Amino acid sequence: MHNFKTPESDPNILSASLKWKDRASRVAAGIRLRVLEHTVKQNGGYLSQACSSAEIFAAIYCKIMRTSEILSPIMPGKFPGVPSPGKKLLTGACYNGEAGPEYDRFILSPAQYALVLYATLIETGRMDPRGMAEYNRDGGIVEMIGAEHSPGMEVTTGSLGQGISQAAGIALARKLRGDTGRMILLMSDGECQSGQFWEAVQAISFHHLENMLCFVDMNACQCDGQMKTVMEMEPFHERLQAFGVTVHRVCGHDLDALVQAAEKTVPGKATFVLCDTDTCRGLDILKSRYPKFHYVRFKNETERAAYEQVYKQMKENMEC
């Protein structure tokens with residue numbers, strides 16, 4: 001059981017919300033710095049994902065998502081085992097605030113972005129910073145590839161492209177139940193190449209799931225290289241519109257644009273926000289890895305030292 005607070009119970013939250021953009025900018029910078037620190041220490045990490053999606057996560061958690069605040073950061077525990085008689089399913093949704101029909105719920109579809117999600121939870125005061133030391137450890141819940149028990153995760157999204165189907169199913173159930181809260185989904189552009197994605201969009205349109213808000217990190221890269229060389233999807237926004245959903249295309253590093261797009265909804269239609277992003281945003285040293293950015297594993301200690309120097313400089317700049 002966790003304690004939560006709402007704007008109605010704490011006027012300081014309402015006051016702080018007026019300065020959301022300043023806070024979101026700091027959160028985005030903190031996400032990149034924390035993921036870079038982890039990558040240097042662990043000799044590997046999903047660094048480009050943090051570069052491209054930091055502002056998206058920051059906008060969602062600092063402004064867009066309607067949920068309660070956490071009274072104190074939660075320290076991740078150990079994995080209690082699989083559900084069985086007398087043993088309930090452990091979910092990481094509690095890190096996103098109180099469950100309730102009026103609150104939004106968040107689904108992360110590309111589970112390899114889990115490291116970025118953990119950094120976001122820490123930067124927004126929802127997860128204890130010490131929890132990052134549990135990352136990818138046997139017996140822990142801070143999984144390298146997030147699962148339903150991992151901090152901030154509600155479901156195991158499995159193979160890429162499955163997250164949207166799960167989010168749509170929950171959104172339909174919430175609509176039928178009369179919940180006013182939305183399902184907020186974050187996807188990567190690469191997983192939108194799958195057939196399951198388009199089947200889900202068709203179902204979302206048919207059931208008029210206006211309670212779905214989907215952000216797509218359009219960083220134009222995937223595990224095998226550039227999107228356009230693996231399977232071109234453009235004009236992606238026009239294809240989505242043809243399926244009957246509302247589509248906005250914005251700069252994924254523009255906090256104002258992200259929030260404004262999320263607010264431009266159409267009755268009876270789900271909203272998709274395509275966020276054009278840069279896999280090297282705020283970290284120029286990554287450009288030398290073009291066009292393969294999916295996972296950073298240092299080739300030698302010299303390269304690792306170079307990234308460590310960049311980290312130290314970034315940290316100094318943030319502290320100034």
Side-chain angles (χ1 to χ4, degrees), residues 4-5 7 10-41 45-75 95-97 104 106 108 113-132 135 151-152 184 186 215 217 219 250-263 273 275 277-286 307-320:
F4 304 97
K5 56 186 178 181
D10 188 345
N12 291 327
I13 296 178
L14 186 59
S15 176
S17 69
L18 299 176
K19 302 176 182 177
W20 76 267
K21 190 175 178 182
D22 288 340
R23 181 187 179 219
S25 295
R26 291 194 297 271
V27 167
I31 291 170
R32 291 190 178 92
L33 184 66
R34 198 171 290 277
V35 174
L36 175 57
E37 177 187 28
H38 171 90
T39 303
V40 170
K41 286 183 177 179
Y46 290 98
L47 188 52
S48 66
Q49 288 84 349
C51 290
S52 63
S53 68
E55 280 80 15
I56 304 173
F57 274 98
I60 290 172
Y61 273 84
C62 293
K63 181 64 173 177
I64 295 169
M65 186 160 61
R66 299 192 295 259
T67 187
S68 60
E69 293 291 328
I70 304 294
L71 284 177
S72 59
I74 303 170
M75 179 63 189
Y95 291 78
N96 293 329
D104 296 337
F106 177 73
L108 176 64
Y113 279 57
L115 178 57
V116 191
L117 175 57
Y118 304 149
T120 304
L121 294 174
I122 293 173
E123 292 298 319
T124 54
R126 295 174 176 271
M127 174 174 150
D128 193 306
R130 295 172 297 173
M132 194 66 91
Y135 182 84
I184 298 179
L186 176 60
F215 292 88
D217 181 7
N219 61 29
V250 302
C251 171
H253 303 295
D254 186 330
L255 292 167
D256 284 323
L258 290 166
V259 171
Q260 290 167 10
E263 294 173 346
V273 183
C275 313
T277 60
D278 177 8
T279 51
C280 305
R281 180 79 171 193
L283 205 62
D284 287 346
I285 192 172
L286 262 179
Y307 275 76
E308 184 174 15
Q309 185 59 40
V310 171
Y311 164 74
K312 291 178 179 179
Q313 186 61 56
M314 288 175 64
K315 186 177 181 180
E316 289 178 5
N317 292 340
M318 280 195 66
E319 292 173 347
C320 291

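Predicted, not measured: the structure shown is a model, and the values here were computed from it. Computation of the quantities below employed the complete heavy-atom set of this structure, encompassing side-chain atoms and omitting hydrogens, waters and symmetry-equivalent molecules.
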Checklist entry - Can you list every salt bridge (charged side-chain N to carboxylate O under 4.0 Å, His left out) pair that touches residues 311-320, not counting sequence neighbours? => result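 Qualifying pairs, neighbours excluded: none.
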Item to check | Any side-chain donor near an acceptor of the partner, Gln260 and Asp256, under 3.5 Å | outcome: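 No.
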Tell me every residue that passes side-chain hydrogen bond (donor to acceptor under 3.5 Å, both in side chains) with [X], counting only those two or more places apart in sequence or in another chain.
| X | result |
| --- | --- |
| Arg130 | Asp128 |
| Glu37 | Lys41, Tyr311 |
| Asp254 | none |
| Asp278 | none |

Less than 4.5 Å apart, any side-chain heavy atom of [X] and any of [Y]?
| X | Y | value |
| --- | --- | --- |
| Ile122 | Met127 | yes |
| Asp104 | Phe106 | no |
| Arg126 | Ile74 | no |
| Leu258 | Lys63 | no |

Next on the checklist: Just to verify, what does His38 make a ring-ring contact (aromatic ring centres under 6.0 Å, His included) with, not counting sequence neighbours?
Outcome noted: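 In terms of ring-ring contact (aromatic ring centres under 6.0 Å, His included), with neighbours along the sequence ignored, His38 is linked to Tyr135.
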Checklist entry - What residues, two or more places apart in sequence or in another chain, satisfy ring-ring contact (aromatic ring centres under 6.0 Å, His included) together with Phe57? => result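 If we apply the ring-ring contact (aromatic ring centres under 6.0 Å, His included) test to Phe57, skipping adjacent residues, there are no hits.
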Next on the checklist: Just verifying a value: how many Å separate Asn317 CG and Leu33 CG, rounded to the nearest 0.5 Å?
Outcome noted: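 So the gap between those two atoms works out to 10.0 Å.
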Checklist entry - Quick one: OH on Tyr307 to CD1 on Ile285, what's the gap to the nearest 0.5 Å? => result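 Nearest 0.5 Å value for the OH-CD1 distance: 5.0 Å.
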Please give me the minimum heavy-atom distance between [X] and [Y], naming the atom from each residue.
| X | Y | answer |
| --- | --- | --- |
| Phe215 | Cys275 | CD2-SG, 4.0 Å |
| Leu286 | Thr279 | CD1-O, 3.6 Å |
| Thr67 | Asn96 | OG1-O, 2.6 Å |
| Leu117 | Tyr61 | CD1-OH, 3.4 Å |

Next on the checklist: Test side-chain contact (heavy atoms from CB on, under 4.5 Å) on Val310 and Met314; report intermediate values, then the result.
Outcome noted: CA-CA 6 Å; Val310 171; Met314 288 175 64; 3.9 Å; yes
Item to check | Under the side-chain contact (heavy atoms from CB on, under 4.5 Å) test, residues paired with Ala24 that sit two or more places apart | outcome: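 Applying side-chain contact (heavy atoms from CB on, under 4.5 Å) to Ala24 gives Trp20, Ala58, Cys62, Leu255.
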Checklist entry - side-chain contact (heavy atoms from CB on, under 4.5 Å) with Glu123: which residues, sequence neighbours excluded? => result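 By the side-chain contact (heavy atoms from CB on, under 4.5 Å) rule, Glu123 matches Val27, Ile31, Arg34.
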Item to check | Residues forming a salt bridge (charged side-chain N to carboxylate O under 4.0 Å, His left out) with Asp22, sequence neighbours excluded | outcome: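 With neighbours one apart ignored, the set is empty.
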Side-chain atoms of residues 45-56: list all donor-acceptor pairs with protein atoms under 3.5 Å, sequence neighbours left out, distances to 0.1 Å.
unit_1	atom_1	unit_2	atom_2	d
Ser48	OG	Phe293	O	2.8
Gln49	NE2	His294	O	3.0
Ser52	OG	Ser48	O	3.3
Ser52	OG	Gln49	O	3.3
Ser52	OG	Asp217	OD2	2.7
Ser52	OG	Asn219	ND2	3.4
Ser53	OG	Gln49	O	2.6
Glu55	OE1	Arg32	NH2	2.6
Glu55	OE1	His253	ND1	2.9
Glu55	OE2	Arg32	NH1	3.0
Glu55	OE2	Arg32	NH2	3.2

